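Just below is one structure, and these are the notes that go with it.
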Amino acid sequence: MSPATTESRDLFAIADLAKEFGISTRAIRFYESKGLLAPERVGATRVFRRRDRARLILILRGKRLGFSLRDISDYLSLYDANRSQQVHLLIDKVDERLASLERQRDDLETTINELREIKKLTSEQPARSR
DNA sequence: ATTCTGACA
DNA sequence: TGTCAGTA
């Protein structure tokens with residue numbers, strides 16, 4: 001039996017990664033078309049290594065956190081390349097996302113409170129016809 | 001069977 | 001991104 005099901009493998013086919021991460025092969029090809037992935041080729045067939053798999057994980061994490069593929073692409077660039085002043089670029093994006101989420105939260109709270117007020121006033125009213 | 005590219009939704 | 005087509 002294979003002791004390490006946790007893929008300690010070196011090479012992966014597009015279908016392997018798609019299955020492992022629950023995404024479509026179409027999505028993986030799409031990410032490549034956007035420059036987020038650059039798997040090797042054996043002829044025309046894509047061959048993914050651990051490094052590509054690691055990048056895919058980062059892509060999916062970025063998506064989960066609500067970042068655009070564009071932002072994730074920028075992040076990936078400094079991920080392997082020379083990271084230093086560029087790390088600030090990531091921090092900016094994180095701050096942006098944070099601010100966006102906080103704005104949304106504030107708006108939701110405002111709306112929730114308004115609805116609660118309406119409900120309160122309504123319940124104070126005598127039974128109305130309907 | 002699988003994958004690939006391109007096109008359309 | 002899904003899906004379909006026509007290949008290799």
Side-chain angles (χ1 to χ4, degrees):
Chain A
M1 54 188 115
S2 51
T5 304
T6 308
E7 308 309 342
S8 57
R9 215 185 335 172
D10 279 66
L11 308 179
F12 306 83
I14 189 171
D16 297 329
L17 297 181
K19 183 179 180 182
E20 181 180 357
F21 299 112
I23 59 180
S24 64
T25 56
R26 176 73 179 79
I28 294 176
R29 295 194 187 96
F30 184 69
Y31 299 152
E32 180 184 343
S33 76
K34 295 302 180 183
L36 303 192
L37 248 30
E40 293 168 32
R41 297 273 187 157
V42 171
T45 302
R46 297 174 176 72
V47 175
F48 300 76
R49 304 196 106 90
R50 287 221 185 66
R51 187 160 181 289
D52 303 305
R53 184 167 168 284
R55 287 176 70 89
L56 180 55
I57 289 175
L58 291 179
I59 293 171
L60 298 179
R61 175 191 294 172
K63 288 198 60 182
R64 233 189 311 124
L65 296 178
F67 291 100
S68 67
L69 289 185
R70 189 55 194 279
D71 290 338
I72 297 173
S73 178
D74 293 338
Y75 171 54
L76 255 31
S77 297
L78 48 142
Y79 173 71
D80 38 29
N82 331 291
R83 60 196 176 190
S84 56
Q85 172 191 347
Q86 302 179 301
V87 173
H88 295 311
L89 194 159
L90 168 60
I91 295 177
D92 287 345
K93 293 300 183 183
V94 171
D95 284 341
E96 242 178 65
R97 181 58 181 162
L98 223 43
S100 174
L101 287 173
E102 291 177 336
R103 277 197 298 279
Q104 287 184 49
R105 184 187 59 193
D106 292 345
D107 288 343
L108 281 175
E109 289 179 340
T110 296
T111 300
I112 288 174
N113 288 324
E114 288 179 0
L115 290 174
R116 282 176 174 161
E117 280 307 305
I118 291 176
K119 183 178 179 181
K120 180 192 297 178
L121 295 177
T122 298
S123 63
E124 289 173 356
Q125 297 300 314
R128 65 182 66 190
S129 61
R130 63 169 189 177

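Computed from a prediction, not measured in an experiment: that's the story for all the values here. Order of the sequence lines sets the chain letters (A, B, ...), proteins ahead of strands, with each chain counted from 1.
- The distance between atom CD1 of A/I23 and atom P of C/dT3, rounded to the nearest whole Å, is 15 Å.
- With rounding to whole Å, A/K34 atom NZ is found 11 Å from C/dT1 atom P.
- With both pairing distances under 3.5 Å, C/dA8 is matched to B/dT2 as a Watson-Crick or G-U wobble pair.
- The interatomic distance linking A/R46 (CZ) with C/dA8 (P) rounds to 17 Å, in whole Å.
- Of the candidates C/dT1, B/dT3, C/dG2, B/dT3 carries the atom nearest the A/R29 side chain, counting heavy atoms from C-beta on.
- As a whole-Å value, the separation of A/F30 CZ from B/dG6 C1' is 14 Å.
- In summary, A/R50 and A/D10 engage in a salt bridge, as defined by a charged side-chain N under 4.0 Å from a carboxylate O.
- Nearest to the side chain of A/R26, among B/dT5, B/dT3, B/dA7, sits B/dA7.
- In the model, A/T45 has no side-chain atom that pairs as donor or acceptor with a side-chain atom of A/R41 under 3.5 Å.
- Backbone-only contact: A/S24 has heavy atoms under 4.0 Å from sugar-phosphate atoms and none from a base.
- With distances taken from any side-chain atom of A/A15 to the nucleotides B/dT3, C/dT1, B/dT5, the minimum falls on B/dT3.
- Between the CD1 atom of A/I28 and the P atom of C/dG2 there is a distance of 11 Å, given to the nearest Å.
- We find that CZ of A/R41 is positioned 19 Å from P of B/dT2, with the value rounded to whole Å.
- A/K63 comes within 4.0 angstrom of the backbone, heavy atoms only, and of no base.
- Nearest heavy atoms, A/S24 versus A/A18: C-CB, 4.1 Å.
- In this structure, CG of A/L37 is placed 12 Å from P of B/dC4, rounded to the nearest angstrom.
- In terms of heavy atoms, A/I14 sits closest to A/R46 at CD1-CD, 4.4 Å.
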Requested in this report: Test side-chain contact (heavy atoms from CB on, under 4.5 Å) on A/R116 and A/I112 and set out the steps.
Outcome: CA-CA 6 Å; A/R116 282 176 174 161; A/I112 288 174; 3.7 Å; yes
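- For A/E32 and B/dT5, the CD to C1' distance is 11 Å, given to the nearest whole Å.
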